[in-house]
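Per chain, numbering begins at 1; letters A, B, ... match sequence-line order.
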Number of protein chains: 2
Amino acid sequence: MKGANNKKFIPNLSYDCVIFGFNGEKLKILILEYHNTGLFALPGGYIKKEESLQEAVNKGVEERTGLKDVFLDQFQTFGKLNRTDPDATRSILQAKNKDLNEKQWMMERFITVGHYALINYENVNPKPDNLSDSIAWYDIKNVPQLMMDHNEIVDKALEVLRNNISEKLIGMNLLPAKFTMKQLQQVFEAILDETLRRTSFQRKMLSMDILERHEKLFEGKAHKAPYLYSFK
Amino acid sequence: MKGANNKKFIPNLSYDCVIFGFNGEKLKILILEYHNTGLFALPGGYIKKEESLQEAVNKGVEERTGLKDVFLDQFQTFGKLNRTDPDATRSILQAKNKDLNEKQWMMERFITVGHYALINYENVNPKPDNLSDSIAWYDIKNVPQLMMDHNEIVDKALEVLRNNISEKLIGMNLLPAKFTMKQLQQVFEAILDETLRRTSFQRKMLSMDILERHEKLFEGKAHKAPYLYSFK
DNA sequence: TTCTTATTGTCTCACATTATAACAATATTC
DNA sequence: GAATATTGTTATAATGTGAGACAATAAGAA
């Protein structure tokens, strides 16, 4: 006998999301830790039969971050036969005293659609899902071992993010509305994991004609105040 | 009562494939026409429960083209709620006198994983699938109206192909093993849909250090014979 | 007030890359 | 052997980028 959830979701299909944030210095991602199992995983979920894939992912990201209308990019679907791990799923469910019979469908083979999200780190208060104890920011250079193929998903997300860095939407979604040239450069450096030349970077950004210059930012520091910029 | 197929495949999930070929002049794709319906569609299919996504797509492309180990790139998963069209599917099945009861699962909502393939146009003899009358090459600039969201899938495939054109694998899979610089340029021009400067193109290709120069090709024309190249 | 300090905005110069044009090389035909 | 069409290479100008220098300036110190 299978439970109600079996009718609610599309079987054998899930989504996972690498949620990137920038704390002003380093690039981070959100990772869940499941109750009493020592298992870490990406935020993710299932797609209801009467909702679009994008709706499902949007809703999932909103539940973890509280943010609506987040920048989302779907980058790859992972469909290896043995990518999922029924034993791990079972222990996660057992640790929460779930009825395994009702959750039998979760132990089947799953194909997952990988997404990444870019969010403004500032006013986010991440919330764990109903199977996990905690959700926390991890430095992208210090991601723990994750369940199943989730490390591979993170690596691919970062690769795609690096390839798309020239799009203004990337920076726009990791920074506040107004930012200094230095902050923008720090975002690029965090994503690319390399230091950039200040003068070349500034010249390039200005020549792209995507920035609007605003008033100066007086930080109370003993040096010339930088201009604030926003994306056009 | 549902038929055997319902147990064989992952429900609600399919793949579609934009199969690109280059006839020496123009970029083309393979399109199926279903029996007695006037409906056109991309080659595609379903994923068996005990095979990987990639295996399924490889097998599907092999069935249509006879070619094994084709270059395949998975570029996007399409998950809108109403992207599929049960009425169209029904009429395709009816035109082939299929038992609709047994094929009920095919009328459900489907999420599809979009791929594109690059194949050497020369020695391919495309074969229609068991629901279609014909499979034929269509100029990429002259694609007919397709079922469901398949035109959108084609557009996206072309966009991704253009973005990936600098990878040597692109040209390698659309040309014979040995080719002239002019042929290579024609592939680029067909994909990008713009004319390129001969000298710049040649210098760029040679500087990338991906080509090996072989003997000259004597075509019996009244001008200097071009060198043949292959990818390293 | 004036000087110092740290950082920013801009400029310069050298160098690399690319666009554009010109020219030389060469299979074949006449 | 000259004419023709196309290819391979070189020359020159325009553009883009790396590296450094320098001037501007907000705040603190003298």
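Taking atom CZ of A:Phe179 as the reference point, atom P of C:dT8 lies 15 Å away to the nearest angstrom. Between the CZ atom of A:Arg213 and the C1' atom of C:dT8 there is a distance of 10 Å, rounded to whole Å. To the nearest angstrom, P of D:dA21 lies 11 Å from CZ of A:Arg197. Distance, A:Met205 CE to C:dG9 P: 14 Å, rounded to whole Å. In this entry the distance linking CD of A:Gln202 with P of D:dT17 reads 15 Å, nearest Å. Following rounding to the nearest Å, B:Lys204 (NZ) and C:dA16 (P) show an atom-to-atom distance of 19 Å. For B:Phe218 and C:dA27, the CZ to P distance is 5 Å, given to the nearest whole Å. Distance, A:Lys224 NZ to C:dG9 C1': 4 Å, rounded to whole Å.
Both tests do not hold together for A:Arg213 against A:Tyr229: distance to the six-membered ring centre under 6.0 Å, angle to the ring axis within 45°.
Using a 4.0 Å heavy-atom criterion, one finds that B:Thr199 contacts the bases of the nucleic acid, with or without backbone contacts as well.
Of the side-chain N and O atoms in A:Lys216, one or more sit less than 4.0 angstrom from OP1 or OP2 of D:dA26. Not one side-chain nitrogen or oxygen of A:Ser200 sits closer than 4.0 Å to the OP1 or OP2 atom of D:dT17.
Checked against a 6.0 Å centroid threshold, the rings of A:Phe179 and A:Phe231 count as neighbours. The ring of B:Tyr46 has its center closer than 6.0 angstrom to the ring center of B:Phe110.
Contact annotation: side chain of B:Arg203 to base of C:dA19, donor-acceptor pair present below 3.5 Å. Within 3.5 Å, a donor on the side chain of B:Arg198 pairs with an acceptor on the base of D:dG8, or the reverse.
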query = Does the pair A:Leu118 and A:Leu161 meet the rule for a side-chain contact (heavy atoms from CB on, under 4.5 Å), with working shown?
reply = CA-CA 10 Å; A:Leu118 303 178; A:Leu161 178 61; 4.0 Å; yes

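Looking only at atom types and distance, the side chain of B:His214 has a donor-acceptor partner in the side chain of B:Ser230 under 3.5 Å away.
Each of A:His223 and B:His223 lies near DNA chain C, and the nucleotide nearest A:His223 is the one positioned closer to the 5' end.
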